[in-house]
Q: 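Starting off with a structure, shown below.
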Amino acid sequence: MGRGRAKAKQTKVARELKYHSPNTDLTALQRELAGAGKSEHHFDDDSKEFVDDDDEDHADDDPDPWVRPTR
């Protein structure tokens, strides 16, 4: 019980967002988007420690234990 008020509030907020667009500062948005390309982000690449050895697999290797043997 008590979901009626929450649903009514969600409906009210959704209706306000749908029919009344907020004031958007387009110049601030343009500054933010233009400045985004100038900053450099550094990401740690931890994937170097993992080795992809899929191309080293051969058909004559041990079969996958989870696959049913063919008859």
Side-chain angles (χ1 to χ4, degrees):
M1 296 229 175
R3 293 183 60 194
R5 285 187 182 182
K7 185 173 192 281
K9 184 171 183 173
Q10 289 176 351
T11 304
K12 179 183 175 186
V13 170
R15 191 172 290 127
E16 287 177 5
L17 290 173
K18 182 176 181 181
Y19 295 113
H20 304 289
S21 60
N23 296 334
T24 304
D25 187 2
L26 296 177
T27 55
L29 178 61
Q30 184 179 13
R31 279 194 311 262
E32 183 178 341
L33 292 175
K38 294 178 183 176
S39 65
E40 253 184 63
H41 297 285
H42 176 70
F43 296 102
D44 292 333
D45 190 12
D46 293 335
S47 64
K48 292 176 185 174
E49 64 190 51
F50 301 108
V51 176
D52 183 15
D53 60 349
D54 285 343
D55 48 340
E56 295 176 4
D57 289 341
H58 301 289
D60 58 333
D61 286 346
D62 293 332
D64 190 358
W66 298 102
V67 176
R68 241 185 214 174
T70 55
R71 294 182 182 192

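All residue numbers refer to positions in the sequence shown, counting from 1. Heavy-atom basis, side chains included; hydrogens, waters and symmetry copies ignored.
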Q: Please name all residues satisfying side-chain contact (heavy atoms from CB on, under 4.5 Å) with Asn23, sequence neighbours left out, ordered by chain then number.
A: none

Q: The criterion is side-chain contact (heavy atoms from CB on, under 4.5 Å); which residues satisfy it with Thr11, sequence neighbours excluded?
A: Lys7, Arg15

Q: Tell me every residue that passes side-chain hydrogen bond (donor to acceptor under 3.5 Å, both in side chains) with Thr27, counting only those two or more places apart in sequence or in another chain.
A: Asp25

Q: Of all residues at least two apart in sequence or in a different chain, which pass the side-chain contact (heavy atoms from CB on, under 4.5 Å) check with Ala8?
A: none

Q: In the hydrophobic clustering that connects Ile, Leu, Val, Met, Phe, Trp and Tyr at side-chain heavy-atom distances below 4.5 Å, which members other than Val13 occupy its cluster, ordered by chain and number?
A: Leu17

Q: Atom NZ in Lys12, atom CZ in Arg5: separation rounded to 0.5 Å?
A: 13.0 Å

